[in-house]
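Structure first, commentary second.
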Amino acid sequence: MSEPRPDRYGVVGNPIRHSLSPRIHALFAEQTGQHLTYEALLGTPGQFAEEVWAWFSSGFRGLNVTVPFKEEAFALARVLTDRARRAGAVNTLWRDDERQLHGDNTDGIGFCRDLDRLGGEVPGRRVLILGAGGATRGLLQPLLERHPAQLVIANRTASRAEGLAEDFADLAIETELSACGLDVLPASPFDLVVNATAAGLSDAGLNLPATLVHPDSLAYDLVYGPGAARFLDWARAAGCQQTADGLGMLVEQAAEAFAIWRGIHPDTAPVLRQLRHENDAA
Ligand code: ATR
């Protein structure tokens, strides 16, 4: 008897060619013995909904969604998890037995899991997030559920940060949640400083004061690879000894999606080691 066909999964984005997700999910499948394929799918702006339905109709069991389609995936999903609703964006789609489309957002929990790996404590600590776009919105619920003492959202456009602080005020039960512009940052150091701006991707630096960190702070850039260098170099120059780019978060958010689809949570540590190794060798 021939072997059953593998279940199909994929990630939709534009551009998508350089996505690490197919590699990550292939390593998860190998590790857990799951019979599946995972493809990079180029989405067409303006045709996201039609393409998603076509992919599911042709047999896909689940899709990850990345830039620039996460908000469209949010609008498309009929059933949303609480954290996806809060994030206003969806990165993981699947259908139930009645073919209803479900959407979740695993970015924030992926970020928190990576903090756990790094020993970056949040409860009772002072946290600064730079940026107030979609990336920041995705982090706020999981972070606030860990009850930092203080959480400051700082953004070039202060009003956007203020809007986010208002939207999440009800979750700030044990946290002093506030917002400000990047030009009026508090002078005292933070235990965790997260760069969630797109500044590292352009030539523009953030021009941050060294007083934002102390030697034991953790500086974390949500981007991985060269895009994170500028912020992490700043942090090291400011005396911060622990820095991390977003590769760990990428692996952790993928593991959460894999667990939703397959009911089994892969061990992320060997996969992250393997990716770093492949990256260094490239
Ligand atoms: P994402 O979904 O990645 O968060 P976004 O919603 O476009 O993308 O948000 C980009 C974030 O990076 C915003 O916080 C933006 O600041 P503004 O709200 O003031 O636009 C921030 N950003 C982008 N380029 C920046 C730069 N050169 N300096 C500082 N902040 C920058």
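Order of appearance sets the numbers: ligands from 1, and atoms from 1 within every ligand. On a predicted model such as this, the values are computed, not experimentally measured, just so you know.
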Check this for me: does any side-chain nitrogen of one of [X] and [Y] sit under 4.0 Å from a carboxylate oxygen of the other?
| X | Y | value |
| --- | --- | --- |
| Glu278 | Arg23 | yes |
| Arg78 | Asp96 | no |
| Arg125 | Asp216 | no |

Just which atoms of ligand 1 are under 4.0 Å from any heavy atom in [X]?
| X | result |
| --- | --- |
| Arg160 | 6 (O), 9 (O), 13 (C), 17 (P), 18 (O), 20 (O) |
| Gly131 | 14 (O) |
| Gly134 | 1 (P), 2 (O), 4 (O), 6 (O) |

Would Phe28 and Tyr38 count as a close aromatic pair, with their ring centres under 6.0 Å?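 Centroid distance Phe28-Tyr38: not below 6.0 Å, so no.
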
Can you tell which of Leu206, Asn195, Leu130, Leu164 gets a heavy atom nearest to atom 29 (C) of ligand 1?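 The option holding the nearest heavy atom is Leu206.
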
Is the shortest N/O to N/O distance between [X] and ligand 1 below 3.5 Å?
| X | result |
| --- | --- |
| Ala198 | yes |
| Asn155 | yes |
| Arg156 | yes |
| Ala135 | yes |

Could you check whether the rings of Trp261 and His25 sit parallel, tilted or perpendicular, using 30° and 60° as the cut-offs?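 Trp261 vs His25 ring planes: tilted.
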
Flag yes if more than 12 heavy atoms outside Arg236 fall under 6.0 Å of its CZ atom; otherwise flag no.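 For Arg236, atom CZ is crowded (more than 12 foreign heavy atoms under 6.0 Å).
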
